[in-house]
Amino acid sequence: MKAEADPNLIVYFNGTYMPLCEARVGILTHALHYGTGVFEGIRAHWDERSEQLFVMRPLEHYERWKQNCGILRIDVPATPEELCAITLELLRRNQFKTNVYVRPLAYKCAERVGVSPDDQDAFAIVALPFGEYLHAEKGIHAGVSSWQRISDNVIPARAKICGAYVNSALASDEARRNGFDEAILLNSSGHVAEGATCNLFMLRHGELITPSVNEDVLEGITRDAVMQLARRELGLRVVERAIDRSELYICEELFFTGTAVGIAPVVRVDHRLVGNGEIGAITRKVEHLYFDATRGHLASYRRWLVPVHDGDAARESELAEAAAG
């Protein structure tokens, strides 16, 4: 999905709320030329049943974002709790009553030519209505890319560094031109890393398997949520280990996970059927559990969610007290 932004959306930029059409950076901004930015992705899901918008694990997202910004020595002065509060206010000002994608971005903002970064940093937060990233209702067809996943000692894949996403853009473009819906990238060891924009899980011999965090993958928050749901609700053994390319061709089930993609079943890889070529039973159960957990239907996972409209006073008070120190 390509989400076109309404120029009248309210965004958070340069320390204030303003229309998107007024939020601009200069043509010589360092991050534009050299990729020196770090972004994050956060989902807010609209629940028709309660008429509530729930933000999914925002505190963990902002904690990860600030840690990753440190890799590029980008300073985000706000605390994770303050960033959560800004995000809730942003969602309320836009009066969203639909699924939303929140994009925080921190970047080197000096306007000059010269690759060496300095200490001029800025950050912004944008939120926009966002539906399905991949149309996966009947499952998708993935292809192993000829582009290799960048390694940790080149550009850390775990950090969502802006410049690193050229790697994903090349793989995604190749996949779509070759008739696939999404790319799967291998790392420098020849093992499966992840999709161009998402983590990967496969089912083999009754075990749910995903590449470990040492295989040049994003340490996904949705990945973690799925691992918890699979263990606690489905009683599955979840294994983090290296995955060979050929295992993709013989596994029983396969699916992608991510903030943007949610749960995206894969029914074919490189023109080969996954299992019987239909969405598997375990994948369906994970889909349904994730849907219910992100919309407040599962009491055990309400701790993951922060409501936006007429929210949970206790939870918001907790965030406010943390932000105040």
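Hydrogens, waters and symmetry mates play no part in the numbers below; they use all other heavy atoms, side chains included.
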### Task
Look at atom CD of E22 and say whether more than 12 heavy atoms of other residues, nucleotides or ligands are closer to it than 6.0 Å.
yes
### Message
Taking D216 first and then R158, would you say they form a salt bridge - that is, a charged N and a carboxylate O separated by under 4.0 Å?
### Response
no
### Message
Whether the T197 and E182 side chains hold a donor-acceptor pair (N or O, under 3.5 Å, no angle test) is what I'd like checked.
### Response
yes
### Query
For I10, does its backbone N or O pair with a side-chain atom of N94 as donor and acceptor, under 3.5 Å?
yes
### Task
Indicate whether any N or O donor in one side chain lies under 3.5 Å from an N or O acceptor in the other, for D244 and S246.
no
## Note on the structure
A193 meets the side-chain contact (heavy atoms from CB on, under 4.5 Å) criterion, sequence neighbours left out, with R149, N187, V217
### Message
Working note: D118 + R112, criterion salt bridge (Lys or Arg N to Asp or Glu O under 4.0 Å); need CA distance, chi angles, decisive distance, verdict.
### Response
CA-CA 11 Å; D118 55 28; R112 59 173 175 78; 3.3 Å; yes
### Query
Do E253 side-chain atoms and I282 backbone N/O form a donor-acceptor pair below 3.5 Å?
yes
### Message
For the backbone of V308 and the side chain of Q52, can you confirm whether one donor and one acceptor N or O come within less than 3.5 Å of each other?
### Response
yes
### Message
Would you say the ring centers of H271 and Y249 fall short of 6.0 Å from each other?
### Response
no
### Close side-chain approach of E207 to L236, heavy-atom, < 4.5 Å
no
### Message
Please report whether the ring centroid of F256 lies less than 6.0 Å from that of F201.
### Response
no
### Side-chain heavy atoms of V55 within contact of L88, under 4.5 Å
yes
### Query
Just by distance, with hydrogens left out, do T29 and E111 show a side-chain donor and acceptor under 3.5 Å apart?
no
### Query
About how many Å separate CZ of R92 and CG of L53, when rounded to the nearest 0.5 Å?
10.0 Å
### Query
Does the side chain of D47 reach to within under 4.5 Å of the side chain of H297, using non-hydrogen atoms?
yes
### Message
With heavy-atom distances below 4.5 Å as the criterion, would you say the side chains of P104 and I42 are in contact?
### Response
yes
### Query
Any donor and acceptor pair, going by atom type alone, linking the side chain of H30 with main-chain N or O of V115 inside 3.5 Å?
yes
### Task
Kindly indicate whether the side chain of P156, heavy atoms from C-beta on, has any atom under 4.5 Å from the side chain of I71.
yes
#### Entry: Close side-chain approach of I125 to V11, heavy-atom, < 4.5 Å
no
### Task
Kindly confirm or rule out a cation-pi arrangement of R93 over Y17, judged by NZ or CZ under 6.0 Å from the six-membered ring centre and within 45° of its axis?
yes
### Task
Go through the side-chain N and O atoms of Y62 and T87 and say whether any donor and acceptor fall under 3.5 Å apart.
yes
### Message
For W304 and Y301, take the angle between the two ring planes, folded into 0 to 90°, and tell me which bin it lands in: parallel under 30, tilted 30 to 60, perpendicular over 60.
### Response
tilted
### Message
Check for me whether R295 meets the cation-pi criterion with F54, that is, NZ or CZ under 6.0 Å from the six-membered ring centre and within 45 degrees of the ring axis.
### Response
no
### Message
Measuring from atom CD of Q120 to atom SG of C109, what distance do you get when rounded to the nearest 0.5 angstrom?
### Response
5.5 Å
### Query
For the side chain to side chain contact (heavy atoms under 4.5 Å, CB included) test, which of I74, V38, L83 pairs with F123?
L83
### Message
Please evaluate residues R223 and E240 with respect to the criterion salt bridge (Lys or Arg N to Asp or Glu O under 4.0 Å), reporting the C-alpha separation (whole Å), side-chain torsions for both, the decisive distance (0.1 Å), and the verdict.
### Response
CA-CA 11 Å; R223 173 183 179 273; E240 296 179 78; 2.6 Å; yes
### Query
If we only count heavy atoms from C-beta on, is the H191 to P211 side-chain gap below 4.5 Å?
no
### Message
So if I apply the side chain to side chain contact (heavy atoms under 4.5 Å, CB included) rule between L200 and each of I243, T257, V266, which one comes out positive?
### Response
I243
### Full working for ring pair (Phe, Tyr, Trp, His ring centres under 6.0 Å) between F180 and H141
CA-CA 5 Å; F180 302 119; H141 189 182; 4.8 Å; yes
### Message
I'd like to know if the side chain of Q148 pairs up with that of S188 as donor and acceptor (distance under 3.5 Å, no hydrogens or angles considered).
### Response
no
### Query
Any side-chain donor-acceptor pair under 3.5 Å between D224 and Q228?
yes
